[in-house]
4 protein chains.
Amino acid sequence: MLDAAVAVFSAVGFHNASMDEIAARAGISKPMVYAYLGSKEELFIACLHREGTRLMEAIVSAVVPPLAGPVPAEPESALPPDEQLWRGLRAFFTFVGDHRDGWSVLYRQARGQEPFTAEVAAMRARMVDVVSGLLARVIAAGGRQPRPADVVAMAYALVGAGESLADWVVDHVEEAAEVTATRLMNFVWLGAGELLHGATWRPSSPG
Amino acid sequence: MLDAAVAVFSAVGFHNASMDEIAARAGISKPMVYAYLGSKEELFIACLHREGTRLMEAIVSAVVPPLAGPVPAEPESALPPDEQLWRGLRAFFTFVGDHRDGWSVLYRQARGQEPFTAEVAAMRARMVDVVSGLLARVIAAGGRQPRPADVVAMAYALVGAGESLADWVVDHVEEAAEVTATRLMNFVWLGAGELLHGATWRPSSPG
Amino acid sequence: MLDAAVAVFSAVGFHNASMDEIAARAGISKPMVYAYLGSKEELFIACLHREGTRLMEAIVSAVVPPLAGPVPAEPESALPPDEQLWRGLRAFFTFVGDHRDGWSVLYRQARGQEPFTAEVAAMRARMVDVVSGLLARVIAAGGRQPRPADVVAMAYALVGAGESLADWVVDHVEEAAEVTATRLMNFVWLGAGELLHGATWRPSSPG
Amino acid sequence: MLDAAVAVFSAVGFHNASMDEIAARAGISKPMVYAYLGSKEELFIACLHREGTRLMEAIVSAVVPPLAGPVPAEPESALPPDEQLWRGLRAFFTFVGDHRDGWSVLYRQARGQEPFTAEVAAMRARMVDVVSGLLARVIAAGGRQPRPADVVAMAYALVGAGESLADWVVDHVEEAAEVTATRLMNFVWLGAGELLHGATWRPSSPG
DNA sequence: TATGAATGAGAGTTCATTCAT
DNA sequence: TATGAATGAACTCTCATTCAT
């Protein structure tokens, strides 16, 4: 049933989607939709949740792959931090490429639309948390102790850059997720690499 | 009148906004809104245009400031490319901070909502063009010849990072535009600085 | 439900009729009207169709009455052509008298009102066809071979005369359908009677 | 100004015509239209009046042509009654053919549309009066004394037949007014001719 | 439990009509 | 006097939501 809702919402948007069409697409009757999911808003939020959770799971399981054997003491130390970051990005671009009618469209819809902004912000915050953790480890691996606010800001920038590149790929270029992930790594990582050596750019004039 | 429309659209979104409310907020009657701006869609697009144009003007005039004296031979060479980029970012964050109920919300709305996606995409493309030009000059100043596609990808990433940081600032932190711009410069420029020395990050394992 | 629509349309006309009023008159809610009959235009056309069909059925079944016994070899030869014509006229006036709020008013409305003129023209053409057939048989019974165009013109004139007398009866006089039908027969039949003897009136001067 | 109104009303109908368009077509401003003619309804009625009057004048002046010399004692006796009738019909068909965008369309519109039905009925009654007078003279010339009601009924039938043939000519056939007038005379006159000899058709069975 | 049928509430849009100039 | 500018009032149509079965 959520599949039907996601398909319809993605195709025509929240407001243009009618519950009739969603029910028809799901092969059930409208009162059933209400019985199971409540209102139209709740239905949309449920879609958002499910797709967002799937994205998060895809990223996290890419960064920390499920292990077949016994759980090791330090599972995440198996990969160097930059490698983890790249895998996370690759998983992100892969997911978006595979679900462009699902997640990315839904996400773009809900982004600026009350009463969903809070929901989207919360999901985005979870994403930023994950990225912050990765970045913090990366920088910590370089022996530096950045202020948390700086790390969060970097995470926001990185997430935004990823979303923007995802749109670029979806709308214009058909490019393998690996290539796009490497692109972003090249752009961001080398900056982070410099940063962790303590370099800082600053404006040369008061403007 | 556009002010009222921007205020209402920003507050409740395109679909939830009623022409009655917009007219009331503008202090005129509904038929006047239709007489001046046409349909609801045209009204929204007019808002989009005005805010987008203002943003572009703010950025461009920050990068290439109007000169009081006689026009110099090479006006744009007056500032080094990195300085120009920083000024553009500062102007962007300043504008978004000053127009948070206007531009950023409107933009987030229209981003994923037909029939406005094309309009937004066009404005975003103009922005990416400007940023691409700046980045190309930056890299050219380092003596390298990047492929255009790579520059465009970097521009997309940078624009996305900027949008995301703008949201972060708008929603969570109250931080001076200078600080945010420097933040992003630190993150991006050092990466670009490395890149222009030919460094490249690549994944260490096939994953 | 069509009854309510016919009543309202007849009373105030297509454009002055509001769907609210029709729904209220029908004792149902407006969305039901839309669910069953579609748009206002479709609703009006449905009224037109129903009333027109009823009229045609009334006339045809009067001219060729349903037979109780076994179907005879030449059922339509059972009555002489003039008798058939008179019965058709009587059925017409009877119907109009019984449905004055339905058919005649509706018909007068739709006659000159786009986009219904085509619909009315089609129904009128069917009526003219029937009358043409009767007239042709009448004249053929007299042994003459009129040109088809002349027969059609006569049919148009007869139909128009019938409509006009119907209005007269409806608006001014309360007269039995038999009387009105005989009136029109007297006027028309004797003319046709002369014509079938080859007589022709022609202007005596060029004017 | 009435010309503009007639043109617009004829083209799109009363309800679809906007006062804006009429004012624009007339080359004046809307408040002027209201100043001169009052409301939209009054404007339409004025159109109806003018065109109706013109038609009546055309018919009457055809039946009783303006005389150059001194007024004779019995001007209408100059022409035999049947000739007068034919001239009236010819004038009618000529007028309708020449003003098909004016009178006939306006007339068809107003026929069934409140609040114009009364107006149309009045004009039609005047027409019927004229025709009744002609018919009465025709029959009186034959030495018979028909009941007035019978004459009026005949007039109604004749007027209706004329309208119907007018529509037929306007919509389908392009035929000279003389031909159509003769057609109708052939059909009607011979009937009247028989009638004035006292012949009467009557149904042979009670039905 | 599952649904066909029904609706209340509200949206965008238009236009005849009128002031203030 | 003539008009540009303004509006009140409706109308068609839609849809999320709920009963009665």
Side-chain angles (χ1 to χ4, degrees), chain A residues 1 5 8 12-24 26-44, chain B residues 1 5 8 12-24 26-44, chain C residues 1 5 8 12-24 26-44, chain D residues 1 5 8 12-24 26-44:
Chain A
M1 170 162 39
V8 174
V12 300
F14 175 74
H15 273 100
N16 292 327
S18 79
M19 296 298 267
D20 282 279
E21 191 174 347
I22 292 171
I28 60 178
S29 73
K30 225 175 355 172
M32 279 298 98
V33 178
Y34 281 89
Y36 282 118
L37 273 317
S39 71
K40 192 188 184 185
E41 282 184 8
E42 288 174 285
L43 173 58
F44 190 80
Chain B
M1 169 163 33
V8 174
V12 300
F14 175 75
H15 274 104
N16 291 328
S18 84
M19 294 300 265
D20 280 284
E21 189 174 347
I22 292 172
I28 59 178
S29 72
K30 220 176 0 169
M32 278 295 97
V33 179
Y34 280 89
Y36 283 121
L37 272 319
S39 69
K40 192 184 184 188
E41 278 187 11
E42 287 174 289
L43 173 57
F44 191 81
Chain C
M1 170 161 36
V8 174
V12 300
F14 175 74
H15 275 105
N16 292 327
S18 83
M19 295 299 266
D20 280 283
E21 189 174 349
I22 292 173
I28 60 178
S29 71
K30 219 178 354 170
M32 278 298 96
V33 179
Y34 281 90
Y36 283 121
L37 272 318
S39 70
K40 193 184 185 185
E41 278 186 13
E42 286 174 288
L43 174 58
F44 191 82
Chain D
M1 170 160 38
V8 173
V12 301
F14 175 73
H15 272 100
N16 291 327
S18 79
M19 295 298 266
D20 281 281
E21 190 173 347
I22 291 172
I28 60 178
S29 73
K30 228 178 346 174
M32 280 298 96
V33 179
Y34 280 89
Y36 283 118
L37 272 317
S39 71
K40 192 186 184 185
E41 281 183 9
E42 288 173 284
L43 174 57
F44 190 80

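Naming convention: chains lettered A, B, ... in sequence-line order (proteins, then strands); numbering from 1 in each chain. Note that the structure is predicted; figures quoted are calculated from it, not measured.
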Asks: Without decimals, in angstroms, what is the distance between E21(D) CD and dA16(E) P?
Replies: 10 Å

Asks: Kindly express the pairing pattern of DNA chain E in dot-bracket notation, using | wherever a base pairs with another strand and counting only Watson-Crick or G-U pairs under 3.5 Å.
Replies: .||||||||||||||||||||

Asks: Check A17(C) against V8(C) and note the closest heavy-atom contact, atom names and distance.
Replies: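 Closest approach of A17(C) to V8(C), heavy atoms only: CB-CG1, 3.7 Å.
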
Asks: Contact class for D20(C) (heavy atom, under 4.0 Å): base, sugar-phosphate, or nothing?
Replies: base

Asks: Please state whether the rings of F44(A) and F14(A) are parallel, tilted or perpendicular, taking 30° and 60° as the class boundaries.
Replies: perpendicular

Asks: Any residue in residues 31-40 of chain C with a heavy atom nearer than 4.0 angstrom to DNA chain F? Just list them by number, or reply none.
Replies: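 Result for residues 31-40 of chain C: P31(C), Y34(C), S39(C), K40(C), sorted by number.
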
Asks: Rounded to the nearest Å, what distance is computed from the CE atom of residue M19(A) to the C1' atom of nucleotide dT3(E)?
Replies: 15 Å

Asks: With sugar-phosphate meaning primed atoms plus P, OP1 and OP2, does A17(C) contact a base, only sugar-phosphate, or nothing at under 4.0 Å between heavy atoms?
Replies: sugar-phosphate

Asks: Rounded to whole angstroms, how far apart are NE2 on H15(C) and C1' on dA9(F)?
Replies: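 The answer, rounded to whole Å, is 17 Å.
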
Asks: Write down the atom of E42(C), the atom of L37(C), and the distance for their closest heavy-atom approach.
Replies: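 That closest heavy-atom pairing would be CB-O, 3.3 Å.
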
Asks: Would you name the heavy atoms of K40(D) and H15(D) that are closest together and state the gap between them?
Replies: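 K40(D) and H15(D) have their closest heavy atoms at NZ-O, 3.7 Å.
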
Asks: For L43(C) and A5(C), work out which heavy atoms get closest and say how close.
Replies: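 It is CD1-CB, 3.9 Å.
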
Asks: Can you tell me how far C1' of dC11(F) sits from CD1 of I22(C), to the nearest Å?
Replies: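 Whole-Å distance recorded here is 12 Å.
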
Asks: Give the rounded distance in Å between these two atoms: CG of N16(A) and P of dG12(E).
Replies: 13 Å

Asks: Could one point to a donor on the side chain of K30(D) or the base of dT17(E) with an acceptor on the other under 3.5 Å away?
Replies: yes

Asks: Nearest-Å distance, CD1 (I28(C)) to C1' (dT7(E))?
Replies: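 I28(C) atom CD1 is separated from dT7(E) atom C1' by 11 Å.
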
Asks: So, for A26(B) and M1(B), which heavy atoms are closest and what is the spacing to 0.1 Å?
Replies: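 In this case the closest contact between A26(B) and M1(B) is CB-CA, 4.3 Å.
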
Asks: So which atom in S29(D) and which in A23(D) form the shortest heavy-atom distance, rounded to 0.1 Å?
Replies: C-CB, 4.0 Å

Asks: In terms of the nearest nucleotide of DNA chain E, which residue is placed more toward the 5' end: S18(D) or G27(C)?
Replies: G27(C)

Asks: Nearest whole Å is fine: how far is dT17(E) C1' from E42(D) CD?
Replies: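 Going from E42(D) (CD) to dT17(E) (C1'), I get 13 Å.
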
